[in-house]
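Labels below follow one simple rule: chain letters A, B, ... track the order of the sequence lines, proteins then strands, and each chain is numbered from 1.
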Amino acid sequence: MSLKFWKPGTAGPGSSLDRDTQNEENVVQSTLAYSSLSIQSQRERLPIYKHREKLLYCTDKYGVIIVVGQTGSGKTTQLPQYLMEAGWASENNVIACTQPRRVAATSVAGRVATEVGSLLGDEVGYTIRFEDVSDKQRTRILYMTDGMLFRETLVDPLLSRYSVIMLDEAHERSLYTDLLLGVLKKIRRKRPSLRLIVSSATLDAASFLDYFSDTTSPNDAIIVSLEGRMFPVEVAYLQQPVPDYVSAAANTAFEINSKHGPGDILIFLTGREEIDRCLEELSELAPKQVTCSMIKIISDNSSRTPRSAPRLVLLPLHAGLTTEEQLAVFEPAEKGTRKVIVSTNIAEASVTIEGIKFVVDSGFVKIRVYNPTTGLASLSTVPTSVASAIQRSGRAGRTSPGICYRLFTQETFERLPYSTPPEITRTDMTTPLLQLKSLGIDNIMKFEWVSAPPAESVLRALESLFAAGMIGEDGRLTPVGQKVAECPVDVGIARMLFSSKDFQCGEEILTIAAMCSVQDVFIIPDGAQGALAELERRKFTAEEGDHLTLLNVYNAFTRYGRSSGWCKSHALSFRGLSRAVSIRAQLKKYMQRFNLPLESCQGDAKRLRRCLVSGYWRNGARWVGDGTFRSVRGNRTLYVHPTSVLFTRKPRSGWVVFHEMEETKKTQIRIITEIEPEWLLDHGHRYEDNRVTTNAVAVG
DNA sequence: GAGCACTGC
């Protein structure tokens, strides 16, 4: 198959990027293609320096500055330093800069500390969950995850220690960025001296400007644009759509290898299955391959490859890989070889690989979508957005000019949505609403969202909070709701922690809560090794179900010295279990603060399971003859997830509770424990009675 | 009878 690409006359679709930008006067033209001078190490030569005075002037005169700048403009590292030099961090004021990801917060803080000549954690620091490398008195510039700053609002609702807050990567619209935008707009009314810097991509700048320029403060916000330090990236579109973008991606990479000079290739697909198939097809195109390891396939020059073409080094990249496997993509290609990295969306923003000259973009992405009507989350493959396509193509221009091959037509590109719907519109709002209520924001409908969550989502969340006893009939927080709002866990898990006092099983529930908060700790590879891993897993199996199995795993992990070697020999994830240890330690502090005893149930599994029901009572299910379950609420057909120990056995009592359900091809339940049906009745009645009363009041 | 986009507290 030969694919026909078409390159528009100009470099990149830059001219069409500004169609959404209304405030032209304030916007310095910024396009994907920007010719760079040679890379300078002195920060004075960073393009942002030209805008230093303007940025400081705007920070003086305006409350909200929307900064538009590409990767490489230096905004994240330089802007906080300019602000500090200009005195914004004097008198014990702190300049905060939030990031959606932990690695970004830590690595940027390290770089800036070096530039400032500070020890990390002294004048420049960072705060992420489980790690606070900052000094309460001395730190002037603080990088942090957006979730951490939002958490801080629960303790200090006016965020009074900060003079300037920069929300970096705001265009990504993470859940916490959106919550912070709403809360910070409110804070600025009470504390106008607080400066807000919102870092955004070109496409979203106008909507942020609208959001902050309301009638009460029409001239409070301004857009400032910075050039990026990117090399030009040529964009090629398919002339005709293709039926199978996975094959098309493999073919395109193969053709790039035959026709173009040096430079690595990055392919964007949606998931592990597609990545594996693409790697397979690529190795078939170059048949004399040599498989070096599970993750690295080197293809030799084949008859179809011109003599001059380099050999291909094929590398998968997705979050399911171990750390070592992920690190392989950063190793420079050996002489005479060319790397082909076949990746999920992880390479779009989370992971940056230098030396990429060619990007192949499938135009699709897998996103998690929450259905508030059914309460089900599902993963669906959807077309990417314009913003995403631009971000992906930009990955080709980090170290030299590059080319991006889009596996769709230009007409398709022009019909793409500008951006992916913000997370807040497609996620369960139960915990976020509890936290907003804890901040004193009771009228959720009147809260000024940048993008409002769907009304059904809000109603469902309120109903869950009421059912869990976190809010009363008046919609206000109950005393337990106030406490739970501070805990970094789901409300169901929090209820279990609180009722562990009655069942005298705090020790065990704490462990289970931590283990339920990490991703699957069992590593089951394909093939023969998978069968061995299954045997390892059986060693931990508790017949009561997955919760107790997870408890066994955790206890064994700590008993054998928390060693990575032990994990490897038992097919367990060291990363996951170490994280569980941290989470458990954190939750333990909350339990101590709330005077919840840390008693052990001394092996009494019944007490433990009754305690689980206190958190999961709305997640009950009943076995039916054909091997599936029916949910107590909604009578939905549920399939057991293959990772469950109940996948292969029928529960003796016929009844279970489960941690979560998710829609894939079928509705599946994960982390399941067998229960006695009458235990469910301990919890439902009062809630149902209340609901009848509430409805009667509403009707009356 | 068979599965896992990516973050974050």
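Among the heavy atoms of the strands lying under 4.0 Å from A/Thr643 is at least one base atom, whether or not backbone atoms are also near. Residue A/Ile346 is in sugar-phosphate contact alone, with no base atom involved, counting any heavy-atom pair closer than 4.0 Å across all strands shown. Among the atoms of the strands shown, only primed sugar atoms or phosphate atoms (P, OP1, OP2) are found under 4.0 Å from some heavy atom of A/Lys666.
In the set B/dC6, B/dC4, B/dC9, B/dC6 carries the atom at the smallest distance from any side-chain atom of A/Ser350. With distances taken from any side-chain atom of A/Arg368 to the nucleotides B/dC9, B/dT7, B/dA5, the minimum falls on B/dA5. Comparing B/dA5, B/dG3, B/dC9 by their nearest atom to the side chain of A/Arg272 picks out B/dA5. Listed candidates were B/dC4, B/dT7, B/dG8. Nearest to the side chain of A/Arg102 is B/dG8. In this structure, the nucleotide among B/dC4, B/dT7, B/dG3 sitting nearest to the side chain of A/Glu423 is B/dT7. Considering only side-chain atoms of A/Thr648, the nucleotide from B/dG1, B/dG3, B/dC9 that sits closest is B/dG1. Closest to the A/Gln668 side chain, of the nucleotides B/dC4, B/dG8, B/dC9, is B/dC4.
For the pair A/Gln586 and A/Arg426, both in contact range of DNA chain B, the more 5′-proximal nearest nucleotide belongs to A/Arg426. Nearest-nucleotide mapping onto DNA chain B: of A/Pro642 and A/Tyr176, the residue sitting toward the 5' end is A/Pro642.
Rounding to whole angstrom units, NZ of residue A/Lys366 and P of B/dC6 are separated by 9 Å. Rounded to an integer number of Å, the gap from A/Ile128 CD1 to B/dT7 P is 13 Å. Computed from coordinates, the A/Phe522 CZ to B/dA2 P distance equals 21 Å when rounded to whole Å. Atom CZ of A/Arg649 is separated from atom P of B/dA2 by 19 Å (rounded to the nearest Å). Nucleotide B/dG3 holds its P atom 15 Å from the CD atom of A/Glu274, rounded to whole Å. With rounding to whole Å, A/Arg392 atom CZ is found 12 Å from B/dC6 atom C1'. Computed from coordinates, the A/Ile367 CD1 to B/dT7 C1' distance equals 14 Å when rounded to whole Å. In this structure, the CG atom of A/Asp428 is 19 Å from the P atom of B/dC9, given to the nearest Å.
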Between A/Arg630 and A/Thr628, is a side-chain hydrogen bond (donor to acceptor under 3.5 Å, both in side chains) present by the stated rule, with each step listed? CA-CA 7 Å; A/Arg630 293 289 181 281; A/Thr628 63; 3.0 Å; yes
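With a glycosidic angle further than 90° from 0, B/dC6 counts as anti.
Side chains of A/Ser199 and A/Glu169: no donor on one and acceptor on the other come within 3.5 Å. For A/Arg368 and A/Ser380, the side-chain atoms include no donor-acceptor pair closer than 3.5 Å.
In this structure, A/Ser247 contributes its side chain and A/Asp244 its backbone to no donor-acceptor pair below 3.5 Å. The closest donor-acceptor contact from the side chain of A/Arg537 to the backbone of A/Thr643 lies under 3.5 Å.
Considering only side-chain N and O atoms, A/Gln99 lies nowhere under 4.0 angstrom from the phosphate OP1 or OP2 of B/dG8. OP1 or OP2 of B/dG8 has not a single side-chain nitrogen or oxygen of A/Arg151 nearer than 4.0 Å. Applying the 4.0 Å criterion to OP1 and OP2 of B/dT7, one finds that A/Thr145 has every side-chain N and O outside that range.
Centroid-to-centroid, the aromatic rings of A/His171 and A/Tyr418 stay 6.0 Å apart or farther.
Remark: ring of A/Phe647 stacked against base of B/dG1; centroid gap under 5.5 Å, plane tilt under 30°.
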